[in-house]
Amino acid sequence: MSMEVAGAEAPVKGKFLGILVCWLLGNGSLFAWNSILTIEDYYSHLFPDYHPTRVLTLVYQPFAFGITLIMTYYEAKMNTRLRNLAGFSLFFLGSFALIILDVATKGHGGLGVFVGVCIISAIFGTADANCQGALVGDLSLMCPEFIQSFMAGLAASGVLTSALRLVTKAAFESSKDGLRIGAILFFSITCLFELVCLLLYTFVFGKLPIVKYYRAKAAAEGSKTVASDLAAAGIISEQQGQMEEDPEKYKRLTTKELLMQNIDYALDIYLIYVLTLSIFPGFLSEDTGAHNLGTWYALVLIAMYNVWDLIGRYVPLIPCLKLTSRKGTLAAVLARFLFIPAFYFTAKYGDQGYMIFLTSFLGLTNGYLTVCVLMEAPKGYKGPEQNALGNVLVVCLLGGLFSGVVLDWLWLIGKGW
């Protein structure tokens with residue numbers, strides 16, 4: 001079957017299933033990493049001297065950011081299907097490796113074991129660089145509901161991992177070695193879920209009619225990144241010969257030109273995550289003091305952040321609440337930096353109720369503004385340009401994450417480490 005999309009209307013067949021699969025793939029893109037963050041109580045018990053929440057995040061981010069930056073530079077020639085298959089495979093293998101490492105060491109800590117966990121964290125960063133950049137780029141050239149659902153899935157992974165962790169902690173807390181048993185069960189569920197995501201992407205998503213339509217349309221506009229996915233769906237591209245016959249038809253903006261035209265959106269995404277990661281999860285896990293919730297306090301804060309981050313990612317689906325003004329978006333992003341003094345004074349003088357409220361509002365604004373930017377930015381561009389712009393915005397997102405993780409260490413100034 002060859003590509004014939006000229007003049008065709010975008011099909012809606014398979015749209016609901018596509019939205020569901022995008023949500024699950026979004027989950028899978030962060031589920032394994034959120035698993036490490038969510039069992040911070042277990043790793044804090046195993047490695048009390050190594051600040052595991054901060055160190056593991058600091059190991060993860062350079063790999064996620066650096067590899068995504070390289071792949072974005074070569075985006076026009078990258079095989080999107082291969083990137084996603086490699087990413088979900090690494091998530092599955094890394095999750096399985098965490099179980100093997102814990103079983104092999106019988107739940108003992110030490111520097112050697114911590115280094116092993118750090119290596120797996122780096123593997124998750126590499127997997128994230130493959131999946132998140134490739135999927136955001138790919139979904140940017142499809143209907144806006146797909147990118148919104150994927151971003152909601154990213155947030156939902158935090159909610160699900162937090163809920164699972166609270167359940168496993170409650171179920172095993174009173175038993176002997178319960179913390180470790182709960183963590184192993186937790187990673188077993190993670191491992192299974194990543195395998196499901198790998199199978200969904202491999203055998204289901206690319207064969208949906210609406211997905212084949214958008215990918216064929218992008219290929220007809222000159223995109224090379226979708227060729228393998230189209231071939232897997234049984235669509236033969238005649239793109240090369242057409243490009244040689246009429247090269248002007250397939251001319252596109254360069255990645256640099258796209259960045260300059262959308263520099264405000266790039267700055268928005270970067271600043272959103274600089275602020276968020278300078279507070280979450282390191283500050284919330286280690287610097288909020290002792291309260292009535294005891295060891296549950298950090299888990300509750302992380303869970304509240306994740307729940308409201310998820311809610312925030314659905315708010316833009318309500319037209320009257322969606323922020324479309326570029327200047328308004330930038331103003332809202334800059335206003336979020338008021339969270340820094342707010343968290344500082346709340347941690348010093350406030351009680352746990354105020355901290356839970358602030359954390360919830362941090363999550364709400366993070367999810368809402370992220371989706372507003374990623375739904376608006378690709379509008380008006382051709383398929384190959386939308387793919388490239390999606391990759392650029394993911395680089396900015398991960399750059400913000402990395403910068404925020406580094407800045408998070410500033411909270412430790414004056415605390416003896």
Side-chain angles (χ1 to χ4, degrees), residues 1-12 15 18 22 68 71-81 83-84 132-151 205-206 208-233 235-266 268-269 324 326 371-397:
M1 182 171 61
S2 61
M3 298 182 301
E4 294 182 3
V5 296
E9 293 294 325
V12 293
K15 184 174 183 179
C22 287
T68 302
M71 289 185 170
T72 298
Y73 183 79
Y74 295 104
E75 167 273 330
K77 300 177 182 178
M78 296 297 295
N79 184 325
T80 298
R81 182 176 179 80
R83 284 179 68 182
N84 284 316
Q132 201 166 158
L135 281 169
V136 170
D138 199 23
L139 299 179
S140 291
L141 56 84
M142 302 182 193
C143 57
E145 291 86 349
F146 279 11
I147 191 69
Q148 183 277 329
S149 185
F150 176 78
M151 298 309 295
F205 185 63
L208 297 176
I210 190 170
V211 174
K212 289 193 286 187
Y213 167 82
Y214 280 112
R215 283 176 172 164
K217 182 174 180 290
E221 293 171 341
S223 176
K224 298 178 182 179
T225 61
V226 296
S228 292
D229 281 305
L230 287 173
I235 300 176
I236 301 172
S237 173
E238 300 170 357
Q239 180 191 79
Q240 188 60 41
Q242 293 170 347
M243 288 181 72
E244 291 175 358
E245 291 175 9
D246 189 6
E248 285 298 316
K249 179 182 176 181
Y250 299 99
K251 193 174 181 180
R252 50 155 280 188
L253 295 172
T254 65
T255 301
K256 182 179 179 180
E257 289 171 334
L258 286 167
L259 175 60
M260 297 312 296
Q261 288 186 11
N262 294 275
I263 193 66
D264 55 333
Y265 282 138
D268 289 339
I269 285 290
T324 57
R326 297 174 78 143
V371 169
C372 284
V373 171
L374 290 177
M375 288 182 74
E376 285 298 307
K379 290 183 177 179
Y381 292 105
K382 296 192 296 184
E385 295 166 342
Q386 291 172 324
N387 193 341
L389 181 56
N391 276 268
V392 167
L393 293 177
V394 170
V395 168
C396 296
L397 186 154

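What you see is a predicted model; the values in this text were computed from it and never measured.
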Novice: Are the side chains of Val136 and Leu393 in contact, using a 4.5 Å heavy-atom criterion?
Specialist: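 Answer no - side chains too far apart.
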Novice: To the nearest 0.5 Å, how far apart are OG1 in Thr255 and CE in Met260?
Specialist: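 Those atoms lie 13.5 Å apart.
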Novice: Assess whether a salt bridge exists between Asp138 and Arg215, defined as any Lys/Arg side-chain N lying under 4.0 Å from an Asp/Glu carboxylate O.
Specialist: yes
Novice: Which heavy atom of Ile269 sits nearest to which heavy atom of Cys396, and what is that distance?
Specialist: CG2-C, 3.8 Å
Novice: When rounded to the nearest 0.5 angstrom, what is the spacing between CG in Leu258 and CD in Gln386?
Specialist: 10.0 Å
Novice: Output all residues satisfying side chain to side chain contact (heavy atoms under 4.5 Å, CB included) with Pro384, sequence neighbours left out; order by chain, then residue number.
Specialist: Glu221, Ser223, Arg252, Lys382
Novice: CD/Glu376 to OG1/Thr324 distance, rounded to the nearest 0.5 angstrom?
Specialist: 5.5 Å
Novice: If we count only N and O atoms by modelled type, under 3.5 Å, do the side chains of Tyr381 and Gln261 hold a donor and an acceptor together?
Specialist: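 Present: a donor and an acceptor within the cut-off.
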Novice: What is the minimum heavy-atom distance between Phe205 and Gly18, and which atoms define it?
Specialist: CE1-O, 4.1 Å
Novice: Within the structure provided, determine whether Ser140 and Leu389 are in side-chain contact (heavy-atom separation under 4.5 Å).
Specialist: no
Novice: For the residue pair Leu397 and Gln132, establish whether any side-chain heavy-atom pair is separated by less than 4.5 Å.
Specialist: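 Touching, per the 4.5 Å side-chain cut-off.
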Novice: Do you know the tightest heavy-atom contact between Leu230 and Ala219?
Specialist: CD1-CB, 3.7 Å
Novice: Closer than 3.5 angstrom, by distance alone: can the side chain of Thr72 be matched with the main-chain N or O of Glu75 as a donor-acceptor pair?
Specialist: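 No: the side chain of Thr72 does not pair with the backbone of Glu75.
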Novice: Can you tell me how far the NZ atom of Lys224 sits from the OG1 atom of Thr80, to the nearest 0.5 Å?
Specialist: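 Between atom NZ of Lys224 and atom OG1 of Thr80 there are 13.0 Å.
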Novice: Under the side chain to side chain contact (heavy atoms under 4.5 Å, CB included) rule, collect the residues that match up with Asn79, sequence neighbours excluded.
Specialist: Arg81, Leu82, Ser228
Novice: Rounded to the nearest 0.5 Å, how far apart are CZ of Arg83 and CG of Leu135?
Specialist: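 Between Arg83 CZ and Leu135 CG, I get 9.0 Å after rounding to 0.5 Å.
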Novice: Side-chain donor-acceptor pairs under 3.5 Å in residues 141-151, sequence neighbours left out?
Specialist:
{"from": "Gln148", "atom 1": "NE2", "to": "Arg313", "atom 2": "O", "distance (Å)": "2.7"}
{"from": "Ser149", "atom 1": "OG", "to": "Ile19", "atom 2": "O", "distance (Å)": "2.6"}
{"from": "Ser149", "atom 1": "OG", "to": "Trp23", "atom 2": "N", "distance (Å)": "3.4"}

Novice: Side-chain contact test, heavy atoms from C-beta onward, threshold under 4.5 Å: evaluate it for Asn391 versus Met71 and give yes or no.
Specialist: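 In short, these two side chains do not touch, never coming nearer than 4.5 Å.
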